[in-house]
Amino acid sequence: MGNMFVKKPKITEVDKAILSLKTQRRKLAQYQQQLEAVIDAEKQAAKDLLREKKKDRALLALKKKKLQEDLLKQVDRWLINVEQQLADVELASKQKAVFESLKAGNNAVKAIQSEINLDDVQKLVDDSAEAKAYQDEINAILGEKLSAEDEEEVLAEFKNLEAQITLQDLPKAPSAVQPSEEHEEKLDLPDVPTKTLSISEEITETPERRRVAVMEEPLPA
């Protein structure tokens, strides 16, 4: 029941022409095969008749073979013409389909453009510009934009930071070579005494020490 309401595709004259040409091509191809089979058979018959010493009949078979070969050449030409005609019809059909598509697309563009008013487009552009200018004013009032002085400070800080990075990237100067322990000059100094001298140690008295002691004694009053 459902198939009763299916709309059948419309068969055009071009479709009929293409179908007719394809049918003719198939029939000519079949005829070619038949002729080739007859030619092979006549050739084989001529060989067999020659073996049987029947030269007249062998010659007749070759003549029939020649007629079939001429007919096969004619069929080949027909087939070429049918193939060319079929290609032309299919190409023209595709060109028409492309033209119809382009035409439909052009009509669609015109229909869309007819719905757009140039004054409305210009008004939309003006409204967008006004809205942007209004938003810029709001941003300036709210302080979202930097002042000219702030811009200069940011630029100065940027240049300073750029200079620091440039100095850091410069190669470092080689450090002075420290003398190794092997080349250090060793001084021969006496050892530091570690023993504390006792007061009770006996001091050897010399004549010089005795004279100094006498001179240091106080005179009697």
Side-chain angles (χ1 to χ4, degrees), residues 1-132 135 162 165-166 168-171:
M1 293 294 293
N3 295 333
M4 295 177 60
F5 299 98
V6 177
K7 186 177 180 180
K8 295 182 180 179
K10 183 179 179 180
I11 300 176
T12 62
E13 293 298 326
V14 176
D15 296 332
K16 293 179 180 179
I18 293 175
L19 179 61
S20 176
L21 289 170
K22 288 183 177 180
T23 301
Q24 190 63 36
R25 181 181 62 181
R26 184 179 69 255
K27 291 181 178 180
L28 288 175
Q30 294 175 352
Y31 192 30
Q32 277 182 328
Q33 294 177 358
Q34 294 174 2
L35 290 175
E36 290 173 353
V38 172
I39 291 171
D40 293 338
E42 294 294 341
K43 184 176 181 181
Q44 185 62 38
K47 291 180 180 179
D48 295 339
L49 291 171
L50 282 175
R51 292 191 185 95
E52 296 174 1
K53 305 300 182 180
K54 298 178 181 180
K55 296 182 180 181
D56 294 338
R57 295 183 62 182
L59 185 59
L60 180 60
L62 291 176
K63 289 181 179 181
K64 292 171 64 177
K65 171 180 170 291
K66 179 62 177 175
L67 291 175
Q68 297 297 324
E69 288 176 348
D70 293 340
L71 183 57
L72 181 60
K73 292 179 182 179
Q74 184 64 36
V75 173
D76 290 339
R77 289 192 291 269
W78 292 344
L79 187 59
I80 291 174
N81 292 333
V82 170
E83 291 281 1
Q84 184 62 47
Q85 188 69 25
L86 180 60
D88 293 341
V89 172
E90 290 180 341
L91 179 60
S93 178
K94 292 179 180 179
Q95 288 176 343
K96 181 182 178 181
V98 172
F99 172 76
E100 293 295 337
S101 299
L102 293 174
K103 184 178 179 181
N106 189 32
N107 293 334
V109 171
K110 289 182 179 180
I112 295 172
Q113 290 177 346
S114 64
E115 298 176 358
I116 300 176
N117 192 340
L118 293 180
D119 294 335
D120 295 338
V121 175
Q122 186 62 44
K123 185 176 183 302
L124 177 62
V125 173
D126 295 339
D127 292 342
S128 299
E130 291 178 1
K132 184 178 183 303
Q135 185 64 39
E162 187 178 21
I165 294 175
T166 303
Q168 291 177 359
D169 293 339
L170 291 176

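For the numbers below, each heavy atom of this structure counts, side chains included, while hydrogens, waters and symmetry mates do not.
Contact check for Arg25 versus Leu79: side-chain heavy atoms found under the 4.5 Å cut-off. When side chains are defined from C-beta on, Leu71 counts as touching Tyr31, because their heavy atoms get closer than 4.5 Å. Side chains of Gln95 and Phe99 form no contact here, defined as non-hydrogen atoms less than 4.5 Å apart. Residues Lys63 and Leu59 have side chains in contact (heavy-atom distance under 4.5 Å, counting atoms from C-beta outward).
Within the structure, every pair that satisfies the salt bridge (charged side-chain N to carboxylate O under 4.0 Å, His left out) test and touches residues 68-82, not counting sequence neighbours, is listed here: Lys65-Glu69, Lys66-Asp70. Residue pairs meeting the salt bridge (charged side-chain N to carboxylate O under 4.0 Å, His left out) criterion with at least one partner in residues 33-51, sequence neighbours excluded, are Glu42-Lys64, Asp48-Arg51.
Within the 3.5 Å criterion, the main-chain N or O of Leu102 finds no donor-acceptor partner in the side chain of Asn106. The backbone N or O of Glu90 lies less than 3.5 Å from no partner atom in the side chain of Ser93, so there is not a single donor-acceptor pair.
In this structure, CG in Leu72 is found 5.0 Å from CD1 in Ile39, a value given to the nearest 0.5 Å. In this structure, the separation between CD on Gln113 and CG on Leu118 is 9.5 Å, given to the nearest 0.5 Å. Going from atom CG of Asn81 over to atom CG of Leu28 covers 10.0 Å, rounded to the nearest 0.5 Å. Separation of atoms CD (Gln68) and CD (Gln34) is listed at 10.5 Å; rounding is to 0.5 Å.
Counting heavy atoms of neighbouring residues, nucleotides and ligands inside a 6.0 Å radius, atom CG of Leu91 exceeds 12 of them. For Asp56, the CG atom sits in a loose shell: 12 or fewer heavy atoms of surrounding residues, nucleotides or ligands are nearer than 6.0 Å.
Every residue two or more places apart in sequence or in another chain that forms a side-chain contact (heavy atoms from CB on, under 4.5 Å) with Ile11 is listed here: Asp15, Lys16.
Side chains of Asp126 and Gln122: a donor on one and an acceptor on the other come within 3.5 Å.
The pair Lys123-Asp127 counts as a salt bridge, with a side-chain nitrogen and a carboxylate oxygen less than 4.0 angstrom apart.
Scanning both residues, Val82 and Gln24, for their nearest heavy atoms gives CG2-CG, 4.2 Å.
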